[in-house]
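Take a look at the structure set out below.
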Amino acid sequence: EPEVTQTPSHQVTQMGQEVILRCVPISNHLYFYWYRQILGQKVEFLVSFYNNEISEKSEIFDDQFSVERPDGSNFTLKIRSTKLEDSAMYFCASSEAGRGDYNEQFFGPGTRLTVL
Amino acid sequence: DAKTTQPPSMDCAEGRAANLPCNHSTISGNEYVYWYRQIHSQGPQYIIHGLKNNETNEMASLIITEDRKSSTLILPHATLRDTAVYYCIVRVGGQGGKLIFGQGTELSVKP
């Protein structure tokens, strides 16, 4: 069964460093998302991406964050200058288009980001 | 998107049906009820969704009241692997669009 994959599974970085989290969505999906979950808290929406542009972003997704689809398969989340409070599990998700009202989002296993 | 209210936790005996309630009294006519679950910090997993009619798939059944102000997710024969946090999400149907997760119900299936 097709699945969303994410790399790395765990990333440790120093405060102020840039990190790039990588995702490979399911191949025929056209909508892509990033969510995050701080330990013990809710899953929070960060950004959605469609047709090579951001379609919606949350207030969390400030100028320190950016997303890119550099080729036909990868979808990346970049954090330019990491803060301690960016430590969280980051989930990538993707969904199909052309399915009417149906909107199942498939989530990857997540990247655990630890900022020291 | 309408707010949802779920009990914070529930227990269920293995092999019995697990009935997880959700209140969404402010739901509007074009909003769907979606259920996802998250097993121990893994990525959330879609279970089922519905608008008005009851729905069933290989994982679960979804019962929506006639006034659509509440719904129940039913896992007919819960197993230990169903231990997870279950999220009821109400949103406008259609492609794309964010999911807004609440705190969900932590279901513990016990032997």
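Naming convention: chains lettered A, B, ... in sequence-line order (proteins, then strands); numbering from 1 in each chain.
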### Message
Could you see if Leu51(B) belongs to whatever hydrophobic cluster contains Tyr46(B)? Use Ile, Leu, Val, Met, Phe, Trp, Tyr and a side-chain cutoff under 4.5 Å.
### Response
yes
### Query
Gln38(B) versus Phe107(A): any side-chain heavy-atom pair under 4.5 Å?
no
### Query
Cluster question for you: counting only ILVMFWY and a side-chain heavy-atom cut-off of under 4.5 Å, with indirect links fine, are Phe75(A) and Leu77(A) together?
yes
### Task
For Leu116(A), look at atom CG and say whether over 12 heavy atoms of other residues, nucleotides or ligands are found less than 6.0 Å away.
yes
### Query
When rounded to the nearest 0.5 angstrom, what distance separates CG in Leu99(B) from CD in Glu44(A)?
13.5 Å
### Task
Say whether Val43(A) and Tyr31(A) are linked into one hydrophobic cluster, either directly or through other cluster members, by side-chain heavy-atom distances under 4.5 angstrom.
yes
### Task
Tell me, for Gln42(B) versus chain A, whether the close heavy atoms (under 4.5 Å) come from the side chain, the backbone, both or neither.
backbone
### Query
Does His10(A) NE2 have over 12 foreign heavy atoms under 6.0 Å away?
yes
### Phe45(A) and Phe101(B), any side-chain heavy atoms less than 4.5 Å apart
no
### Task
Step through the shown structure and confirm whether more than 12 heavy atoms of other residues, nucleotides or ligands are within 6.0 Å of CZ on Arg80(A).
yes
### Task
Please report the shortest heavy-atom distance between Met89(A) and Ser41(B), naming the atom on each side.
CE-O, 3.7 Å
### Query
Which pair of heavy atoms, one from Tyr87(B) and one from Gln37(A), lies closest together, and at what distance?
OH-NE2, 4.1 Å
#### Entry: ILVMFWY cluster, Tyr90(A) and Val19(A) together (side-chain gap under 4.5 Å)
yes
### Query
Can you get from Met59(B) to Leu62(B) by hopping between Ile, Leu, Val, Met, Phe, Trp and Tyr side chains that sit under 4.5 Å apart?
yes
### Query
Does anything in residues 46-67 of chain A get under 4.5 Å of chain B by heavy atoms, and if so which residues?
Glu56(A)
### Query
Hey, is the main chain of Ile100(B) close enough, under 3.5 Å, to the side chain of Tyr35(A) for a donor-acceptor pair?
no
### Query
Atom CD1 of Ile47(B) and atom CD of Glu104(A): how far apart are they, to the nearest 0.5 Å?
10.5 Å
